[in-house]
Student: 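Mind looking over this structure? Questions follow.
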Amino acid sequence: MSNEQQVRIYNPTEEFKKNAAVSGMDAYRALCKEAEDDYEGYWARNARELLEWKKPFTQVLDESNSPFFKWFADGELNVSYNCLDRQVNAGLGDKVAIIFEADSGEVTKVTYKELLSRVSKFANALRGMGVKKGDRVVIYMPMSIEGVVAMQGCARIGATHSIVFGGFSAQALRDRIEDAGAVALITADGQHRGGKAMPLKPIADEALSLNGCDTIKNVIVAKRTGAATEMKAGRDVWFDDAVADQSDVCEPEWVSAEHPLFILYTSGSTGKPKGVQHSTGGYLLQAILSMKYTFDIKPDDVFWCTADIGWVTGHTYITYGPLACGTTEIVFEGVPTYPDAGRFWRMIQDHKVSVFYTAPTAIRSLIKAADNNPTVHPTKYDLSSLRILGSVGEPINPSAWEWYYENVGGSRCPIVDTFWQTETGAHMITPMPGATPLVPGSCTLPFPGVQVAVVDETGTEVPWGQGGILVVKRPWPAMIRTIWNDPDRFVKSYYPADFQGKLYLAGDGAIRDKDTGYFTITGRIDDVLNVSGHRMGTMEIESALVAHEKVAEAAVVGRPDDLTGEAIVAFVVLKGSRPTGEEAKAVIKELQTWVGHEIGPIAKPKDIRFGENLPKTRSGKIMRRLLRQLAKGEEITQDTSTLENPGILEQLKG
Ligand code: PRX
């Protein structure tokens with residue numbers, strides 16, 4: 001990003017700056033300074049201003065049991081109250097909360113008053129089943145109003161929800177139900193995607209038939225597709241029947257700010273997904289503050305985050321952040337390419353979306369579609385309602401950034417490239433749209449109050465211009481509290497001894513521009529892949545592969561991919577002889593289907609190669625660096641003499 005690279009810088013317009021929540025860099029710096037001078041004071045001020053407390057907190061940050069930090073622990077509040085009752089009490093009852101657009105194009109609008117009523121009824125139904133504060137409820141649902149109602153309903157009664165993405169398999173669902181020890185499962189008969197109806201309840205039934213799910217006492221099933229559905233007497237009930245006779249008044253359960261609002265499973269560098277546990281008060285605080293600062297949210301905005309509620313982005317920027325700000329938001333059931341690749345642009349036009357938040361993968365695929373078919377080009381639509389664009393989930397390449405800026409944003413809308421993670425709960429490094437000069441490909445500077453750094457292996461900050469490890473220096477309110485059922489893994493994964501347990505390890509590499517100090521994320525430094533913005537552990541996929549009866553050994557690596565960011569490449573040793581030709585093709589298909597069934601379609605390796613063995617050192621360690629080079633099709637130039645079996649490399653070339 002130095003001058004010789006001729007990077008273009010995009011400044012906010014004066015017009016935009018004038019009305020922005022963070023107006024100009026001086027305002028941004030003033031917020032950062034406030035937090036630096038009095039860290040707890042900064043967060044406490046915001047927590048008082050932005051949240052409605054039943055019982056005000058007197059403690060701010062409690063570091064006594066580091067790294068199990070607590071925020072506002074003696075304060076009490078309820079998230080659903082803060083999202084819904086608060087708006088109704090403020091006279092926003094008739095404001096539209098959710099504009100739901102189904103895959104078919106059918107639109108349903110729900111006001112804040114109606115949403116409060118629906119959430120209250122659902123919460124009463126859960127209570128009626130005996131679900132209580134602290135119980136875990138797994139939600140396996142499509143993008144739907146019921147999905148949001150289910151999450152908010154859990155929050156209302158203090159039940160901890162755990163959403164499992166609707167694309168995950170029965171086995172993945174089972175693992176999460178068991179680990180969470182869930183008492184109830186909320187699902188749907190099926191889901192619509194791209195004009196097709198797909199089953200959900202049968203997958204849920206398969207999961208429940210496996211060992212480890214007997215903690216589930218109730219299954220609530222929303223009707224989406226109308227598919228013939230088996231209902232198990234005494235266990236299963238239709239969503240509509242469950243809420244039918246319920247009162248629309250439900251006293252919220254007032255919980256400590258530290259009460260676990262949700263657990264969300266995500267991939268780490270070992271095989272088993274981690275149940276990231278989030279809090280109530282600190283989490284909601286940063287959901288709201290980031291809506292205010294990053295998205296500069298205003299009363300008239302129509303906000304659209306295209307994520308699925310199955311991912312953290314859907315939690316913070318669909319279910320909680322927008323509603324807690326009294327925003328009108330879009331919830332979309334379908335896919336960006338159905339009925340054609342102009343779907344997003346048409347929806348922005350129809351609903352007059354003003355803040356649009358999506359992932360680089362979606363942008364890249366829509367660029368390709370628009371190149372092939374000019375009728376779905378964004379410039380063919382009236383996108384004049386847009387004022388801010390967002391990007392999340394993976395690095396956005398500068399060319400995609402520029403296309404997004406020019407063709408979607410009409411060269412007028414700032415792009416906020418937001419870096420954050422399931423564990424961070426909310427944005428960590430991101431531009432402020434009315435302040436930060438933008439540089440394509442950089443997530444720019446820390447969110448006000450968040451203290452990040454780039455360090456070396458010893459935890460010492462490296463000079464700007466030098467790559468290193470991204471860390472967070474101080475605990476922040478929306479941070480992960482622990483890994484459900486595995487506090488040791490929490491400490492080891494995020495507060496490693498290498499940094500004396502004092503720095504949060506994000507798992508990403510980063511570099512700061514030598515002139516501006518802007519951050520660029522250089523990718524994961526662990527065995528985690530990012531495929532289409534979905535996080536996958538290589539070990540998770542390896543475990544799935546070796547669970548197949550034909551597989552003796554497997555190693556999985558990522559390879560850069562123009563469309564999906566990274567693609568999954570698997571190197572496999574079969575128990576029998578190494579297959580070739582048609583036989584190899586058949587086994588590849590079989591293994592892809594298998595992984596799809598074990599984890600979900602998103603985990604299917606794009607490329608599978610067979611060897612009689614894997615490249616290992618003499619001590620038996622798989623040489624992943626070599627595999628990554630082979631996956632990319634690079635010539636192996638390095639010395640391979642330490643390999644136990646150098647001949648194997650030839651077999652593993654693509
Ligand atoms: O590698 C980083 C990448 O996504 C990882 C977090 O994935 P997940 O927990 O699934 O959350 C995704 C949505 C918040 C990070 O460790 N990542 C996320 N946002 C960006 C990013 N990489 C570069 N730029 C981003 N803006």
Side-chain angles (χ1 to χ4, degrees), residues 163-165 167-168 262-269 273-278 283 286-287 290 294 305-318 320-321 357-364 389-398 400-401 404 415-431 436 438-447 450 452 454 469-472 478-480 483 493-494 504-511 518-538 540 558 560 564-566 600 602-603:
I163 319 290
V164 178
F165 173 58
F168 275 126
F262 67 88
I263 305 166
L264 183 58
Y265 287 84
T266 190
S267 299
S269 28
K274 320 187 248 202
V276 172
Q277 180 183 319
H278 275 287
Y283 171 77
Q286 279 188 257
S290 52
T294 313
C305 164
T306 68
D308 191 286
I309 50 168
W311 311 114
V312 74
T313 309
H315 284 59
T316 309
Y317 300 107
I318 294 176
Y320 295 117
Y357 192 33
T358 196
T361 292
I363 299 166
R364 286 192 297 265
L389 301 174
S391 173
V392 60
E394 47 181 323
I396 176 161
N397 41 311
W401 193 105
Y404 192 31
I415 297 180
V416 288
D417 174 2
T418 60
F419 168 83
W420 60 297
Q421 310 175 297
T422 305
E423 294 87 340
T424 69
H427 303 153
M428 298 299 275
I429 310 180
T430 174
T436 319
L438 305 172
V439 173
S442 166
C443 50
T444 74
L445 295 168
F447 188 88
V450 169
V452 284
V454 182
I469 301 164
L470 183 70
V471 295
V472 188
M479 70 185 296
I480 173 177
I483 292 176
S493 308
Y494 303 110
Y504 168 87
L505 177 71
D508 283 286
I511 183 165
Y518 275 19
F519 287 80
T520 293
I521 306 299
T522 51
R524 298 288 305 192
I525 52 171
D526 52 13
D527 295 320
V528 171
L529 306 180
N530 193 327
V531 182
S532 300
H534 295 150
R535 193 164 145 181
M536 301 295 324
T538 50
E540 228 174 311
T564 56
E566 264 185 311
I602 51 173

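Only heavy atoms go into these numbers, but all of them, side chains included; no hydrogens, no water, no symmetry mates. Both ligands and their constituent atoms are indexed starting at 1 by order of listing.
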Student: State the atoms of ligand 1, each with its element, that fall below the 4.0 Å cut-off from a heavy-atom position in Thr313.
Tutor: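 Listed by number with element: 13 (C), 14 (C).
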Student: Among all protein heavy atoms, pick the one closest to atom 20 (C) of ligand 1 and tell me residue, atom and distance.
Tutor: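 It is Glu394 N, 3.6 Å.
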Student: Hey, which of Thr294, Thr436, Thr444 is the one that makes side-chain contact (heavy atoms from CB on, under 4.5 Å) with Thr430?
Tutor: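 Going through Thr294, Thr436, Thr444 one by one, the side-chain contact (heavy atoms from CB on, under 4.5 Å) with Thr430 is satisfied by Thr294 alone.
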Student: Could you tell me whether ligand 1 has any atom less than 4.0 Å away from a heavy atom of Cys443?
Tutor: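 Under 4.0 Å: no for Cys443.
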Student: Test of understanding: with salt bridge (Lys or Arg N to Asp or Glu O under 4.0 Å), list the residues that count as partners of Glu540, not counting sequence neighbours.
Tutor: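 Partners of Glu540 by the salt bridge (Lys or Arg N to Asp or Glu O under 4.0 Å) criterion come out as none, since no residue qualifies.
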Student: List the residues meeting side chain to side chain donor-acceptor pair (under 3.5 Å) with Ser290, not counting sequence neighbours, and say none if there are none.
Tutor: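 By the side chain to side chain donor-acceptor pair (under 3.5 Å) rule, Ser290 matches Tyr317.
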Student: Say whether Thr418 and Tyr357, considering side chains only, have a donor N or O and an acceptor N or O under 3.5 Å apart.
Tutor: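 Result is yes, a qualifying pair exists.
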Student: Return the residue, atom name and 0.1 Å-rounded distance of the protein heavy atom closest to atom 12 (C) of ligand 1.
Tutor: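 Answer for atom 12 (C) of ligand 1: Gly393 CA, 4.2 Å.
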Student: For the residue pair His534 and Phe165, does the interplanar ring angle fall in the parallel (under 30°), tilted (30 to 60°) or perpendicular (over 60°) class?
Tutor: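 Geometry flag for Phe165 against His534: tilted rings.
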Student: Taking the side chain as C-beta and beyond, is there a heavy-atom pair between Phe419 and Val452 under 4.5 Å?
Tutor: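 The answer is no, as the side chains (C-beta and beyond) never meet within the 4.5 Å cut-off.
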Student: Can you tell me the protein heavy atom closest to atom 6 (C) of ligand 1 and the distance?
Tutor: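 Ranking protein heavy atoms by distance from atom 6 (C) of ligand 1, first comes Trp420 O, 3.8 Å.
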Student: Counting each atom of ligand 1 from 1 as listed, which ones have a heavy atom of Arg535 under 4.0 Å away?
Tutor: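 Answer for ligand 1: 6 (C), 7 (O), 8 (P), 9 (O), 10 (O).
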Student: Would you say Pro395 touches ligand 1, if touching means a heavy atom closer than 4.0 Å?
Tutor: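 Contact check Pro395 vs ligand 1: positive.
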Student: Distance under 4.0 Å to a non-hydrogen atom of Asn530: what atoms of ligand 1 satisfy this?
Tutor: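 Near Asn530, meaning under 4.0 Å from one of its heavy atoms, ligand 1 has 3 (C), 4 (O).
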Student: In a check of ring-ring contact (aromatic ring centres under 6.0 Å, His included) between His315 and each of Tyr320, Tyr283, Trp420, Phe262, which one passes?
Tutor: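 Among the candidates, only Phe262 passes.
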Student: Does ligand 1 have a heavy atom under 4.0 Å from the side chain of His534, from its backbone, from both, or from neither?
Tutor: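 Neither; no heavy atom under 4.0 Å.
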Student: For ligand 1, which is the ligand I care about here, please tell me if Ser391 has any N or O atom under 3.5 Å from one of the ligand's N or O atoms.
Tutor: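 By distance alone, the answer is no.
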Student: Compare every heavy atom of Tyr518 with every heavy atom of Ser442, then report the nearest pair and how far apart it is.
Tutor: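 In terms of heavy atoms, the two residues are closest at OG-CB, 3.6 Å.
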Student: Just need the protein heavy atom nearest to atom 11 (O) of ligand 1, so name the residue and atom and give the distance.
Tutor: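 It is Thr422 N, 3.6 Å.
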Student: Pairs of nitrogen or oxygen atoms closer than 3.5 Å, one from Gln421 and one from ligand 1: do any exist?
Tutor: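 Looking only at distances, the answer is yes, because the N/O contact criterion of under 3.5 Å is met.
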Student: Tell me which protein heavy atom sits closest to atom 16 (O) of ligand 1, plus the residue, atom name and distance to 0.1 Å.
Tutor: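 So the nearest neighbour among protein heavy atoms is Asp508 OD2, 2.4 Å.
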Student: At their closest point, which heavy atom of Thr564 faces which heavy atom of Glu394, and how far apart are they?
Tutor: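 Result for this residue pair: O-OE1, 4.1 Å.
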